[in-house]
Amino acid sequence: MLLEGTGMKVSEMLVPTLREIPAEAEVISHQLLLKAGFIRKAAAGVYNLLPLAWRVVRKIEQIIREEMDRQGGQELMMPIVQPAELWRESGRWDVYGPELFRLKDRHGRDFCLGPTHEEIITTLVKGDINSYKQLPLLLYQIQNKYRDERRPRFGLLRGREFIMKDLYSFDYDQAGLDASYNKMYEAYNNVFSRCALDFRPVVADSGAIGGKDTHEFMVLADSGEATIVYCEGNDCSYAANEERAEAVMSGEKEVAPLLELKKIHTPDCRTIADLAAFLKITPERIIKTILYTTEKETIAALVRGDREINEIKLYNTLDCVRLDMANPNTILAVTGAQTGFAGPVKLKSVRMVVDSEVMAMVNAVCGANEADQHLVNVNPGRDFEPDIVTDIRLVKSGEPCPNCGNKLLEARGIEVGQVFKLGDKYSKAMNATFLDENGQARLFIMGCYGIGVTRTMAAAVEQNHDERGIIWPPQIAPYHVAVLPVNHKDEHQFAMAASIYRQLVDAGVEAVFDDRPERAGVKFKDADLVGYPLRITVGAKGLAGGQVELTTRQNGEMKMIPLDGVVDAVKSNLRRLGHTRL
RNA sequence: CGGGAUGUAGCGCAGCUUGGCUAGCGCGCCUGCCUUGGGAGCAGGAGGCCGGGGGUUCGAAUCCCUCCAUCCCGACCA
């Protein structure tokens with residue numbers, strides 16, 4: 001491994017640990033990475049990675065490289081600064097929005113800092129790959145990425161500058177893409193397993209990047225910004241981002257005589273809860289009507305009163321660029337009433353997108369498009385005609401799994417990786433073709449696959465810490481072991497500690513020697529905070545019996561080790577903790 | 001971008017309401033002594049454009065205007 005057998009004296013290292021946590025840090029990974037001296041902020045969402053953090057990053061990168069190469073990936077490096085013309089060609093210069101860091105050169109030409117590299121790589125491959133014989137092609141890089149987030153937060157979990165591995169696959173056809181996708185899916189499982197993370201691949205939405213099939217790799221953590229649902233069944237592997245989780249229709253259409261439509265007075269009933277309480281009915285009997293505006297039109301979205309609209313599903317259904325909830329003026333103009341009284345009956349001027357579940361409702365309640373009035377005995381199909389009927393609601397825990405029918409559970413996740421099937425979206429936009437065996441030009445079928453490297457480091461801290469500090473898994477720990485003499489003025493102790501440190505480094509272990517003239521407590525606290533997986537403590541008591549202490553950070557377990565067995569003990573303990581190389 | 005809050009020493013904070021001595025405290029840092037198994041003790045010391053600019057005033061960290069930065073909630077987002 002890259003850093004094998006490297007060591008350092010703590011007195012010479014830049015590890016500025018703090019006694020107090022900077023007030024600006026909210027989540028635990030941000031707090032600990034600051035406190036333990038791994039990172040320092042340069043600007044909002046932009047960080048210095050100090051030596052310890054950089055070692056962790058390099059280890060994660062190395063694991064990624066090995067797994068990419070194993071699948072036939074080739075590493076290259078592409079520019080951060082990208083010309084606008086490529087982005088105009090793909091159409092994303094206008095679509096990407098203010099999240100794209102834009103700049104001009106001295107001649108006034110437009111550039112951007114790459115948030116992702118589809119345009120660059122498609123252009124590169126288009127120029128130099130001409131034949132089907134050169135496919136498939138898997139190219140990747142590990143590079144800084146730039147996204148001018150509206151609200152950078154949570155330290156490295158959502159920065160504006162971050163390190164990302166991105167791989168792009170170029171295939172002859174869809175079957176080739178499927179194969180490349182499966183390779184990457186496997187590689188990602190290997191990468192995150194080797195990083196000792198508790199993670200789960202989930203079905204996801206493809207967002208602005210486009211394409212069809214996609215999975216996100218989620219590290220399970222309460223601080224995660226994404227909600228995922230997954231099947232509780234042991235035999236079922238269904239797991240999806242909440243944005244994409246499919247709703248299962250809950251049974252049969254109710255059989256009941258259709259009653260006569262009536263308007264009733266409902267003073268000040270502006271919310272589903274108000275209305276349910278006023279009419280003494282459950283929210284399931286109410287139709288919720290929400291108006292949205294897109295860049296093209298205003299639409300009405302209908303779900304059952306106890307459900308929430310999934311805006312991602314709605315957005316995908318409408319095939320629009322922008323989707324916002326309508327403002328009160330629009331609502332008034334379209335429905336003729338204030339917010340809170342919209343309903344589908346006689347709502348002629350807008351398209352209606354209706355959740356499938358609503359179509360099964362009988363004698364329901366909805367707004368009358370008049371102040372303080374609602375309609376009862378509303379029946380879809382009889383009283384209003386939907387324009388689109390589809391699944392547009394949010395799925396919650398407790399609902400049935402679309403795959404096996406068992407119950408779904410919810411969890412929070414940090415997205416550390418995503419794999420996409422892009423198809424010909426970019427090759428078509430940028431006219432990137434190769435010649436097939438018949439001499440016919442064909443579009444490359446592409447996939448793209450990202451891993452947030454710095455985010456993975458932060459996610460590892462979210463999952464591996466206690467009240468004392470970080471607990472690095474040995475595979476990605478900045479160093480494996482800290483050697484510390486209890487009393488730096490005791491020459492014998494100090495010399496023995498130095499000797500053990502030297503033996504460890506010579507044996508290929510990554511070790512630090514805490515030679516600082518500090519009291520033992522300070523060194524113990526720092527070692528726990530930084531999170532070295534193992535600690536060798538050289539003290540008077542142990543040395544009297546020819547022994548030193550070996551402490552495991554993870555569980556605090558301490559063992560006495562004979563002086564001549566330290567290297568073996570350290571190696572075997574690292575292996576026991578999951579390290580595979582020593 | 002909407003709402004809320006905060007900017008005083010490296011970090012954590014007080015002082016501001018009610019303007020007035022040399023701007024404070026804890027930690028960290030430097031020197032010395034002492035101590036040496038979980039962030040010791042004593043003594044001495046360094047370190048501030050009180051976020052920037054403008055105003056009010058005899059006088060501004062404190063009041064007013066403005067800009068900037070940072071954080072939180074929301075909206076949005078590979």
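Lettering follows sequence order; numbering is per chain, from 1.
A salt bridge between A/Glu149 and A/Arg158 is present, with a side-chain N of the basic residue lying under 4.0 Å from a carboxylate O of the acidic one. For A/Glu20 and A/Lys35, the salt-bridge test fails: no basic side-chain N is under 4.0 Å from an acidic carboxylate O.
A donor-acceptor contact under 3.5 Å is not formed by the side chain of A/Lys523 with the base of B/rU36.
At the heavy-atom level, A/Glu243 lies nowhere under 4.0 Å from the strands shown. As judged by a 4.0 angstrom heavy-atom cut-off over every strand, A/Met164 is placed among the base-contacting residues. Using a 4.0 Å heavy-atom criterion, one finds that A/Leu100 contacts no nucleic acid atom at all. Using a 4.0 Å heavy-atom distance criterion, A/Gly450 is classed as making no nucleic acid contact. Counting any heavy atom pair closer than 4.0 Å across all strands shown, A/Asp528 reaches a base atom. Using a 4.0 Å heavy-atom distance criterion, A/Phe162 is classed as a base contact. Among the heavy atoms of the strands, none lies under 4.0 Å from A/Lys145. Within 4.0 Å (heavy atoms only), A/Arg40 reaches no atom of the nucleic acid at all. No engagement by A/Asp490 is indicated, since no non-hydrogen atom pair under 4.0 Å with the nucleic acid exists.
B/rG10 sits 31 Å from B/rC1 when the P atoms are compared, rounded to a whole Å. Going from the C1' atom of B/rC16 to that of B/rC64 covers 14 Å, rounded to whole Å. Across B/rC77 and B/rU66, the matching P atoms stand 33 Å from one another, rounded to whole Å. Comparing the C1' positions of B/rA61 and B/rG51 gives an interatomic distance of 12 Å, to the nearest angstrom. Taking atom C1' in both B/rC13 and B/rG28, one finds a spacing of 14 Å when rounded to whole Å. Distance check on atom P: B/rC30 versus B/rG74 gives 43 Å, rounded to whole Å. Taking the C1' atoms as reference points, B/rG4 lies 34 Å from B/rG59, given to the whole Å.
Residue A/Glu24 has its side chain nearest to B/rC71 when only B/rG74, B/rC11, B/rC71 are considered. Residue A/Arg519 places its side chain closer to B/rU36 than to any other of B/rU36, B/rG38, B/rG74. Of all nucleotides listed (B/rU36, B/rC77, B/rG39), B/rC77 comes nearest to the side chain of A/Glu149. Of all nucleotides listed (B/rC76, B/rG38, B/rG39), B/rG38 comes nearest to the side chain of A/Arg468. Closest to the side chain of A/Val522, from the set B/rU36, B/rA40, B/rC76, is B/rA40. Relative to the side chain of A/Leu18, the nucleotides B/rC72, B/rC71, B/rC11 differ in distance, and B/rC11 lies closest. Nearest nucleotide to the side chain of A/Glu20, out of B/rC11, B/rG37, B/rC76: B/rC11. Counting only heavy atoms from C-beta on, A/Arg535 has its side chain closest to B/rG38 among B/rG38, B/rC73, B/rC11. Listed candidates were B/rU70, B/rC72, B/rG39. Nearest to the side chain of A/Arg153 is B/rC72.
Mapped onto RNA chain B by nearest heavy atom, A/Arg19 and A/Glu225 fall at different nucleotides, with A/Arg19 at the one closer to the 5' end. Closest-nucleotide positions on RNA chain B for A/Gly521 and A/Ala23 were compared, and the one nearer the 5' end corresponds to A/Ala23.
Between A/His30 and A/Tyr47, the two ring planes are perpendicular [angle over 60°; tilted spans 30° to 60°]. Classified by interplanar angle (parallel below 30°, tilted 30° to 60°, perpendicular above 60°), the ring pair A/Tyr181/A/His215 is tilted.
Contact check for A/Ile272 versus A/Lys288: side-chain heavy atoms found under the 4.5 Å cut-off.
A centroid separation of 6.0 Å or more is found between the aromatic rings of A/Trp93 and A/Phe111.
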